[in-house]
There are 2 protein chains.
Amino acid sequence: MNPNPVIDMPTRKSEKVVSLKDIKVACGECTLNEICLPVGVDATDLGKLDSIIDRKRPLARGDHLFRNGDAFRSLYAVRSGSLKTYATSPDGQEQVMGFLLPGELVGLDAIADSYHPLSARALETTSVCEIPFSDLESLSAQLPTLQHQLLRIMSQEIRDDEHNMVVLGQKSAEERLAAFLIGLSNRFQRRGFSPNQFNLSMSRGDIGNYLGLALETVSRLFTRFQNENLLRVDRKHIELLDRQRLYTYSGSQCSEQKDPQESSGR
Amino acid sequence: MNPNPVIDMPTRKSEKVVSLKDIKVACGECTLNEICLPVGVDATDLGKLDSIIDRKRPLARGDHLFRNGDAFRSLYAVRSGSLKTYATSPDGQEQVMGFLLPGELVGLDAIADSYHPLSARALETTSVCEIPFSDLESLSAQLPTLQHQLLRIMSQEIRDDEHNMVVLGQKSAEERLAAFLIGLSNRFQRRGFSPNQFNLSMSRGDIGNYLGLALETVSRLFTRFQNENLLRVDRKHIELLDRQRLYTYSGSQCSEQKDPQESSGR
DNA sequence: TTGGTACATTGATGCAGATCAAATCTGCAT
DNA sequence: ATGCAGATTTGATCTGCATCAATGTACCAA
């Protein structure tokens, strides 16, 4: 669609607030290349991956990246900002399926039947990389590390969804919210942001919907957690004061990905 | 591990009760090759896939195929019988994550970190094909259709898990059980069995656990559905009397896979 | 047969969290 | 500033389903 303009920028690894100015950077220069699709792909091959990727102009808050039913052509990697994905029931009811942070891939559920079963919408100003799927498929047949990374990411998505089933299937409201916050905290940390202080880009309603709770319940729990000095809430801003205790509240078993990269058999 | 004995057998396409006598058949001769990993792979290449697959001797009811924490080496395709997968919480609590029918792949969630996050256990006498993952990876780099099918299957798994999140997140007990039965019915049909009459290989407790309900609730709902002439239950045997109405009860949106093979863009 | 064990059904009761309702608060557009 | 729409908080009430409890039933081994 667009041409593929690439502007070099110095990498930033520091912990700081999301700045959305850096729009176009090659994978090789992207801060996210250690947690995104390029993981493990070497410098030479990175160029090939880079050449099939299209960096689109940012989405405004509320814009749709794609909608339920749209034809599937590409995966998208979030570069900055955040998205939510959601299903719409026949009666118009919305079910939030997930929140996407920078470095995460959207649209994996659309490969099977070549259309998007969910809609994806920006929660704030958000930029994404478009990755045409047919190109990705042929490229990954040539690059074993890329193929492996793609399978890894899909596997991880399955694992995370299973984790969500546990949360929805047998956790109390309190445990659900605690698990949610711990999970978010881990994901922020992984991306070089503070694990103890962050902004929620989604509403209470979205959180409740995602966790299978009424938004009133979410609100009440936030105030309860605050009264118990677990955290401080100010509107969208969250500061975790006692991550350990919050983790305990979550009924444990929600490290999400305790061992991000390091793994290998046995 | 084992050698790889292959015995030719005539294919059977008829609707009939699961017979577990046929233990070893090449993919090319397997009734399941239209719904299993080989989908789309042509006769020549099928031999290559076949050669990496190891058909193991059947598991007895209650046997584990693998346990939570085991090293990941292989995926498994169910050939006959059925499995359940489940997570175990620190406190020993069990959460059933899914039930596997013939032609379905187990272990996809283990690719990411090279160990199994779940345990898998046979619900009845069950035989599986073992597919060493490293072999599968190299083979699929050579066979585009195989690579594509693997991605499709993983994508479908993600889609199905998302469907489960909707069920657990916002459906009533009645809707959950109805959705569960419709889903099972569809899967049996796809495999050439009657969609209106089947045996549940799992207990009420497993169903309840899977659906986030108490087993008593499941039991009560079965009797209620029976009183409303939606179905007939006799112990493990289920006969659906009004699939349409049951579908309505499920709060719709649970066809699971309306369009099994046919797809392609637009 | 008998006994035992695991599974299933059915009834009675209680509670976590939904729902309803209303009062703020926030951010944005004019 | 002013006003409005949507988001959030907080309170009061209601209910679906869990939990507790007891009985019934199938299956298996001796």
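Below, read A as the first sequence line, B as the second, and so on, with proteins coming before strands; counting in each chain starts at 1.
Under the 6.0 Å cut-off for aromatic ring centres, B:Phe198 and B:Phe188 qualify, their centroids lying closer than that.
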Side chains of residues 213-223 of chain A: which donor-acceptor pairs under 3.5 Å do they make with residues two or more places apart or in other chains?
unit_1: A:Thr223; atom_1: OG1; unit_2: A:Ser219; atom_2: O; d: 3.4
unit_1: A:Thr223; atom_1: OG1; unit_2: A:Arg220; atom_2: O; d: 2.7

- Item | Secondary-structure string, 5' to 3', Watson-Crick or G-U under 3.5 Å, | for another-strand partners, for DNA chain C | ||||||||||||||||||||||||||||||
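Put simply, CD1 on B:Ile207 is 10 Å from P on C:dT9, counting in whole angstrom units. Summarising the geometry, the separation between CZ on A:Phe225 and P on D:dT10 is reported as 15 Å, rounded to the nearest angstrom. Atoms CZ (B:Arg224) and P (C:dT9) sit 15 Å apart, rounded to a whole Å. Taking atom CD on B:Gln170 and atom P on C:dG17, their separation rounds to 18 Å, with Å as the unit. With rounding to whole Å, B:Leu168 atom CG is found 16 Å from D:dG16 atom C1'. Between the NZ atom of A:Lys171 and the P atom of C:dA16 there is a distance of 17 Å, rounded to whole Å. Summarising the geometry, the separation between CE on A:Met202 and C1' on D:dG6 is reported as 18 Å, rounded to the nearest angstrom.
A salt bridge is defined here as a Lys NZ or Arg NE, NH1 or NH2 lying under 4.0 Å from an Asp or Glu carboxylate O, and A:Lys56 with A:Glu130 meets this definition. A salt bridge is defined here as a Lys NZ or Arg NE, NH1 or NH2 lying under 4.0 Å from an Asp or Glu carboxylate O, and A:Glu104 with A:Arg187 meets this definition. A salt bridge is absent between A:Asp63 and A:Arg121: the closest approach of a Lys/Arg side-chain nitrogen to an acidic carboxylate oxygen does not fall below 4.0 angstrom.
Listed pair B:Thr223 / C:dT10 meets the phosphate criterion, a side-chain N or O lying under 4.0 Å from OP1 or OP2. One finds a side-chain N or O of A:Lys236 lying less than 4.0 angstrom from the OP1 or OP2 phosphate oxygen of D:dT8.
If B:Val233 and A:Asp234 are placed on DNA chain C by their nearest nucleotide, the residue sitting closer to the 5' end is B:Val233.
Looking only at distances, no side-chain donor or acceptor of B:Ser185 sits under 3.5 Å from a matching main-chain atom of B:Asn196. Within the 3.5 Å criterion, the main-chain N or O of A:Glu94 finds a donor-acceptor partner in the side chain of A:Asn209.
Side-chain atoms of B:Gln197 and B:Glu239 include no donor-acceptor pair closer than 3.5 Å. If you check the side chains of A:Arg61 and A:Thr125, you find no donor sitting under 3.5 Å from an acceptor.
Near DNA chain D, meaning a heavy atom under 4.0 Å away, the residues from residues 208-222 of chain B are B:Gly212, B:Leu213, B:Ala214, B:Glu216, B:Thr217, B:Arg220.
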Every protein N/O lying under 3.5 Å from an N/O of nucleotides 24-29 of chain D:
none

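A salt bridge (charged side-chain N to carboxylate O under 4.0 Å, His left out) check over residues 174-185 of chain A, counting only residues at least two apart or in different chains, returns the pairs A:Glu174-A:Arg224.
For A:Phe225, the ring-ring contact (aromatic ring centres under 6.0 Å, His included) test picks out A:Tyr249, with sequence neighbours left out.
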